[in-house]
Amino acid sequence: MSESRHIALHVNGERREAETPVRQHLADFLRGTLGLTGTHLGCEHGVCGACTVLVDGRAVRACLMLAVQAAGRAVTTIEGLAAADGTLHPLQQAFCDHHGLQCGFCTPGILATLVEYLAENPDPGAEDLRIALSGNICRCTGYDSIVAAALAAARALRGEAA
Amino acid sequence: MKPARFAYHDPDHLAEALALLARLENARVLAGGQSLMPMLAMRVAMPDHLIDLNRIPGLDGIVVAEGSLRIGAMARQRRIEDSPAIRAACPLMTEALGLVGHIQTRNRGTIGGSLCHLDPSAELVTVAAALDATIEVASATGTRDIGIADFPLGLMTPSLAAEEMVVGLRIPLWPAGHGACFTEFARRHGDYAIVSAAALLLPDAQGRIARVSLTLGGVSAGPLRLAAAEAMLLGEAPSPALFRAAASCCAGIDAMEDPQAPAWYRRRLATVLVRRALEQAWARTEGVAA
């Protein structure tokens with residue numbers, strides 16, 4: 001038996017408690033243990049960015065953090081982005097409107113990255129966004145739609161017409 | 001891509017971590033995890049014990065004092081990058097950090113972790129060499145300092161004993177008015193650079209070069225200080241021709257060869273990047289006419 005620990009943390013504003021093997025990474029814990037399968041796993045060694053989630057408001061790769069390290073922290077996944085009544089987050093809406101999802105696999109990680117980035121940089125240029133998203137790989141390779149969606153989301157978050 | 005089994009330890013105090021490191025066989029220290037976690041996933045590293053430093057308070061301090069900078073080993077790269085005090089006192093560090101991995105990895109990655117992982121292309125190792133940093137090392141039996149020049153033993157191998165860990169680094173600050181530039185070439189933004197170059201220049205009252213530091217990353221196991229080029233620049237009046245001549249020293253360096261790039265390509269890149277770094281660093285000096 002692998003060593004395991006009981007951990008408590010906040011996920012999308014809700015307190016969760018569960019048992020986790022100490023060698024399990026946060027992404028497997030979110031997906032397998034908590035059933036939050038919106039966090040995707042591409043490479044599982046920190047290259048693709050698909051598993052990016054917010055931990056205490058910071059975008060991190062969930063495959064490069066052990067679940068035990070998230071004990072006591074606040075984690076936000078893609079499931080926690082929309083409002084309680086189902087209204088999409090401005091990022092989600094912009095990605096729908098601008099065909100930023102494409103196949104959708106990398107989208108949850110991209111949105112987690114952009115939540116933090118746009119909070120700190122409300123008015124970025126297209127080139128800034130490409131650098132900010134350099135750690136999120138899109139296999140559809142359609143970065144133009146992703147950047148267009150991110151620019152539209154930034155406008156919406158600033159309160160301007162998208 | 002799952003780590004092999006290990007026993008997990010997350011001590012609250014440095015003394016406890018050092019005691020564990022002294023006592024346990026085949027133990028690894030976990031800092032930000034941005035290099036060690038992939039190595040565990042790919043089972044390149046299979047420690048029996050993982051000693052997580054993330055719960056230990058006080059290992060992440062950033063202190064900019066008169067003439068020197070001290071950064072705790074567990075300071076996150078993103079926090080160092082965002083520090084206004086470091087941007088003002090040590091702009092080379094800030095510029096290089098923008099090229100270290102990605103936002104998501106810098107949010108977790110630490111400066112101590114990067115130094116100990118010692119990738120030949122690691123920006124922070126090159127910066128530490130350019131700034132003549134001193135690495136602070138601790139073990140259960142005491143502490144010692146290692147000059148950055150003596151820190152790499154070989155490829156990705158720091159000169160640390162099994163029971164030792166890096167706890168911080170000290171950097172003597174360059175005087176106000178110096179110019180610095182860190183530049184690199186990577187296939188994609190955030191990838192490990194094929195070659196990187198760090199330049200620092202300090203002008204004297206006559207507009208000549210009073211002090212210079214030139215360092216290459218990615219060309220050999222550890223950072224390469226370009227002593228011959230530095231000697232060529234010292235005391236001279238800067239000019240495009242002088243910078244080109246100094247950069248041409250890179251044509252003779254012993255560059256490594258790997259599947260990413262042949263040695264001749266690294267030498268060519270180094271020559272161009274050093275020239276650009278010198279020009280940019282000089283343009284950023286203050287107190288003399290450009």
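Because the structure is a prediction, the values reported are computed rather than measured. A note on names: the letters A, B, ... follow the listed sequences, proteins ahead of strands, and every chain is numbered from 1.
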Any donor-acceptor pair under 3.5 Å linking the side-chain atoms of A:Asn12 with those of A:Thr77? yes

Heavy-atom proximity to chain A below 4.5 Å, by part of B:Arg78: side chain

Working to the nearest 0.5 angstrom, can you tell me the gap between B:Gln77 CD and B:Leu124 CG? 5.5 Å

Counting only heavy atoms closer than 4.5 Å, note whether B:Ala41 contacts chain A via side chain, backbone, both or neither. side chain

Between B:Leu40 and chain A, with a heavy-atom cut-off of 4.5 Å, which part of the residue counts as in contact: side chain, backbone, both or neither? neither

Report the option among A:Arg23, A:Glu116, A:His45, A:Glu44 that has the most heavy-atom pairs separated by less than 4.5 Å from atoms of chain B. A:Arg23

Residue part contacting chain B, namely of A:Leu54, when any heavy atom lies under 4.5 Å: neither

Picking from A:His98, A:Arg130, A:His99, what satisfies side-chain hydrogen bond (donor to acceptor under 3.5 Å, both in side chains) with A:Asp144? A:Arg130

Can you say whether A:Gln24 sits under 4.5 Å from chain B via the side chain, the backbone, both, or neither, judging by heavy atoms? neither

N/O donor-acceptor pair under 3.5 Å between B:Ser114 side chain and B:Gly112 backbone: no

Kindly say whether B:Asp60 contributes a backbone atom to a donor-acceptor pair with the side chain of B:Arg79 at under 3.5 angstrom? yes

Contact part of A:Leu66 toward chain B, heavy-atom cut-off under 4.5 Å: side chain, backbone, both or neither? both

Just to verify, what does B:Arg87 make a side chain to side chain contact (heavy atoms under 4.5 Å, CB included) with, not counting sequence neighbours? B:Thr94

Which atoms of B:Leu30 are under 4.5 Å from chain A, going by heavy atoms: the side chain, the backbone, both sets, or neither? side chain

Which atoms of A:Arg5 approach chain B - backbone, side chain, both or neither, heavy atom under 4.5 Å: side chain

Checking A:Ser134 against B:His102: is there a side-chain donor and acceptor pair closer than 3.5 Å? yes

